[in-house]
**Student:** 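One structure, pasted below without further comment.
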Amino acid sequence: MIIESALADTPFIDDMNADAYYDIKDAIFDIIMDGANDWVRQAGCSEPRSG
């Protein structure tokens, strides 16, 4: 994923502050998922039934 690669190359990310990586990644992922969920609702999609 492009975002993960960019974050991994960021100088402030190292073993001592790996939490910063996840703080940023989680926030970005939440934004992406919010947009995806909005799209699903607007498109009228639903998850397939299992089984």
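What you are looking at is a predicted structure, and each value in this text was computed from that prediction instead of being measured.
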**Student:** Using side-chain contact (heavy atoms from CB on, under 4.5 Å) as the criterion, list what pairs up with A43, not counting sequence neighbours.
**Tutor:**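 Testing A43 for side-chain contact (heavy atoms from CB on, under 4.5 Å), a comparison that skips the adjacent residues, returns W39, C45.
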**Student:** Linking Ile, Leu, Val, Met, Phe, Trp and Tyr through side-chain heavy atoms less than 4.5 Å apart, which residues share a cluster with I31?
**Tutor:**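 Members besides I31: none; it forms no cluster.
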**Student:** Could you tell me which residues satisfy side-chain hydrogen bond (donor to acceptor under 3.5 Å, both in side chains) with D38, sequence neighbours excluded, listed by chain and number?
**Tutor:**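 Expected list: R41.
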**Student:** For residues V40 and I32: do they belong to one hydrophobic cluster (side chain heavy atoms under 4.5 Å, members Ile, Leu, Val, Met, Phe, Trp, Tyr)?
**Tutor:**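 Unlinked, V40 and I32 end up in two clusters.
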